[in-house]
Each structure stands twice: as C-alpha cells, then as structure tokens.
Amino acid sequence: EACSEDHAEEVRDKERANFCDYFKPSPDAFPAQDNAAANASRNELEALFRGGDANAEGASTAPRSLDDLFGGKEDGE
C-alpha cells in the first residue's frame with residue numbers, strides 16, 4: 001500500500017527495511033495482555049524447583065510427584 005503523505009519518499013523495495021518520519025505507531029494498536037495465567041504458571045514452576053508452596057493447590061506436592069514419576073533419588077546419590 002502506498003503512503004498517503006505527499007512529501008514522503010517513495011519506498012521502491014518493499015521487501016527491505018525502510019524508514020519513514022511520517023509513521024507514528026498508535027499506542028492503542030494492541031490491547032494490554034493479561035499476564036495472570038503466565039504469572040501463576042511461573043510461580044508454580046518456582047515452587048516446584050524450590051520445593052515450597054506457590055499459593056496454588058498441589059504445588060507443594062509437585063516435587064514428590066516428580067520423584068514418583070521418575071523414580072526419585074536413590075540413597076547415597
């Protein structure tokens with residue numbers, strides 16, 4: 001699509017990077033993301049590797065569940 005500004009330089013090669021002083025991105029172009037799910041998952045992972053509680057049900061049992069799944073550590077390891 002062509003630029004609607006009369007004084008703008010024509011972009012001949014549209015496959016390569018170019019620069020335009022007339023282009024200003026809109027701050028409302030994209031809606032803000034809801035990071036609640038990502039933050040909850042991150043907290044659960046941190047609790048899993050710390051062995052603590054991440055304020056989520058089942059998070060404190062995760063290390064034991066992994067040990068059950070993968071056989072756990074043998075004595076002396």
Side-chain angles (χ1 to χ4, degrees):
E1 188 172 319
C3 181
S4 61
E5 290 294 330
D6 295 335
H7 300 290
E9 221 178 281
E10 180 183 358
V11 176
R12 295 185 188 274
D13 187 355
K14 298 191 188 301
E15 297 296 318
R16 298 189 60 174
N18 59 70
F19 181 78
C20 177
D21 279 324
Y22 296 104
F23 175 75
K24 300 290 183 238
S26 171
D28 300 324
F30 298 100
Q33 293 182 347
D34 180 15
N35 293 330
N39 290 335
S41 296
R42 188 173 293 112
N43 289 339
E44 288 181 25
L45 279 173
E46 287 176 5
L48 172 69
F49 291 107
R50 273 194 324 259
D53 185 14
N55 297 328
E57 290 183 31
S60 62
T61 62
R64 187 179 67 233
S65 298
L66 284 175
D67 287 343
D68 292 344
L69 180 63
F70 293 109
K73 291 185 176 183
E74 297 292 325
D75 289 337
E77 281 188 29

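By convention here, the first residue in the shown sequence is residue 1. Worth knowing before you read on, the calculation uses all heavy atoms, side chains too, and leaves out hydrogens, waters and symmetry mates.
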First locate atom [atom1] of [X], then atom [atom2] of [Y], and finally report the distance between them rounded to the nearest 0.5 Å.
| X | Y | atom1 | atom2 | value |
| --- | --- | --- | --- | --- |
| N39 | E46 | CG | CD | 9.5 Å |
| H7 | D21 | NE2 | CG | 13.0 Å |
| Y22 | E9 | OH | CD | 10.0 Å |

